[in-house]
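Only a predicted model underlies this, so the values are computations on that prediction, with no experimental measurement involved. We use all heavy atoms of the structure for the numbers below, so side chains are in, but hydrogens, waters and symmetry mates are not.
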Amino acid sequence: MAKKRKKKQWEFRPDRPRSSWMEKLYITKRQRQVLLRWGLQGLVVLLCLLVQDTIMSKVSIFGATTDLTACAILLIAITQSTENGCVFALTASTLFFWSGSAPGAYAIILLTFLELGASVLRQSYLRRGFLSTAVCTAVALLVYELGVLAVCALTGVSYFGRLPVFLISWLLSLTAIPALYPVCRAIDKIGGEAWND
């Protein structure tokens with residue numbers, strides 16, 4: 001009798017629950033979309049960094065070249081909400097500095113605070129669109145270039161007479177905005193709009 005009971009218990013053992021590895025992470029669909037969005041935005045910045053360091057660094061017009069990475073960081077951050085944009089700008093500019101391509105550690109502070117100011121201006125007074133985002137990015141990038149020039153001149157690395165070179169670099173960097181904006185907006189739409197006008 002005891003053998004039959006043991007046999008019955010063995011025969012009716014429940015199946016092991018099956019779950020995917022994504023369910024074990026306890027990440028909601030919304031959180032996965034945010035991670036995907038941040039990953040793609042980071043990939044855009046990385047591609048701009050690679051293009052800048054491998055191709056555009058060899059192209060020089062009157063001694064100036066583009067600054068694609070700073071332009072991409074500012075543009076991506078401005079298309080997001082202020083809080084997300086600041087976190088992205090801080091993270092991306094830190095990685096930009098660690099890559100060795102940034103002009104110095106001050107680029108982290110410059111990019112983060114310029115993004116904050118441009119994003120607040122953009123969301124407070126302007127409607128969301130290509131023109132307003134491009135103008136805010138252009139102004140922030142101009143102040144960034146002037147800030148880099150000021151720091152370089154004060155530390156003796158450069159001098160204020162190179163202002164035309166920095167302005168040409170700013171103008172060359174602006175040509176990347178029309179190409180990057182549609183990509184940034186498409187990535188920003190993953191998981192729904194972060195905020196509405």
Side-chain angles (χ1 to χ4, degrees), residues 16-57 66-102 105 107-124 126-141 144 173-197:
R16 292 174 60 186
R18 295 181 183 173
S19 62
S20 69
W21 63 275
M22 287 298 283
E23 291 173 358
K24 292 179 181 177
L25 290 176
Y26 302 110
I27 296 177
T28 65
K29 182 180 178 183
R30 175 85 173 139
Q31 290 170 330
R32 283 194 296 264
Q33 290 172 339
V34 169
L35 287 174
L36 174 65
R37 184 171 47 211
W38 274 63
L40 290 174
Q41 289 167 341
L43 186 63
V44 168
V45 172
L46 179 64
L47 288 175
C48 287
L49 180 65
L50 290 174
V51 168
Q52 176 65 41
D53 286 350
T54 57
I55 298 169
M56 300 310 292
S57 63
T66 60
D67 201 351
L68 292 179
T69 310
C71 182
I73 290 171
L74 289 170
L75 181 65
I76 290 171
I78 289 171
T79 58
Q80 299 180 35
S81 65
T82 305
E83 298 85 12
N84 290 341
C86 282
V87 173
F88 180 81
L90 179 64
T91 307
S93 59
T94 302
L95 295 175
F96 177 43
F97 170 68
W98 286 344
S99 73
S101 298
I108 299 170
I109 298 167
L110 270 175
L111 287 171
T112 304
F113 283 104
L114 287 172
E115 186 285 325
L116 175 64
S119 186
V120 167
L121 170 74
R122 165 49 205 100
Q123 290 181 21
S124 298
L126 304 171
R127 295 185 63 83
R128 180 177 224 164
F130 170 72
L131 188 60
S132 62
T133 305
V135 167
C136 288
T137 303
V139 170
L141 192 60
Y144 171 76
S173 300
L174 292 183
T175 59
I177 293 176
L180 290 174
Y181 180 78
V183 176
C184 296
R185 284 294 293 140
I187 292 172
D188 198 37
K189 288 181 181 178
I190 295 174
E193 294 286 336
W195 53 274
N196 296 317
D197 279 333

- Message: Give me the atom names and distance for the closest heavy-atom approach of V183 to A179.
- Response: CG2-O, 3.9 Å
- About how many Å separate CG of L114 and OG of S119, when rounded to the nearest 0.5 Å? 12.0 Å
- So with a 6.0 Å cut-off around CZ of F113, is the heavy-atom count from everything else above 12? no
- Shortest non-hydrogen contact between A72 and V45, atoms and distance: CB-CG2, 4.4 Å
- Task: Kindly give the heavy-atom pair with the smallest separation between S173 and C71, and that separation in Å.
- Result: O-SG, 3.6 Å
- How close do L49 and T69 get, heavy atom to heavy atom, and via which atoms? CA-OG1, 3.3 Å
- Message: Per the side chain to side chain donor-acceptor pair (under 3.5 Å) rule, what does the pair list look like for residues 40-55, sequence neighbours excluded?
- Response: Q41-Q80, Q52-T66, D53-S101
- Task: Quick one: closest heavy-atom pair of C86 and L116, and the distance?
- Result: SG-CD1, 3.4 Å
- Item | Residue pairs passing the ring-ring contact (aromatic ring centres under 6.0 Å, His included) test where at least one lies in residues 66-85, sequence neighbours excluded | none
- Item | Rounded distance [0.5 Å steps], CD1 in I76 versus CG in N84 | 13.0 Å
- Message: Listing request: all side chain to side chain donor-acceptor pair (under 3.5 Å) pairs with a residue in residues 86-99, at least two apart in sequence or in separate chains.
- Response: none
- Candidate pair Q33 and K29, rule side chain to side chain contact (heavy atoms under 4.5 Å, CB included), full reasoning: CA-CA 6 Å; Q33 290 172 339; K29 182 180 178 183; 3.6 Å; yes
- Task: Give, for atom CD1 of I78 and atom CD of Q123, the distance between the pair rounded to the nearest 0.5 Å.
- Result: 10.0 Å
- Item | CD on E115 to CZ on F88, rounded to 0.5 Å | 9.5 Å
- Message: Tell me whether R122 contacts the main-chain N or O of L126 through its side chain, where contact means a donor paired with an acceptor under 3.5 Å.
- Response: yes
- Message: Distance check, rounded to the nearest 0.5 Å: L40 atom CG versus D188 atom CG?
- Response: 11.5 Å
- Query: After noting the C-alpha distance and the side-chain angles of Y144 and I73, does the key distance pass the side chain to side chain contact (heavy atoms under 4.5 Å, CB included) rule?
  - Reply: CA-CA 12 Å; Y144 171 76; I73 290 171; over 6 Å; no
- Matching residue for L74 among T79, T137, T133 - test: side chain to side chain contact (heavy atoms under 4.5 Å, CB included): T137
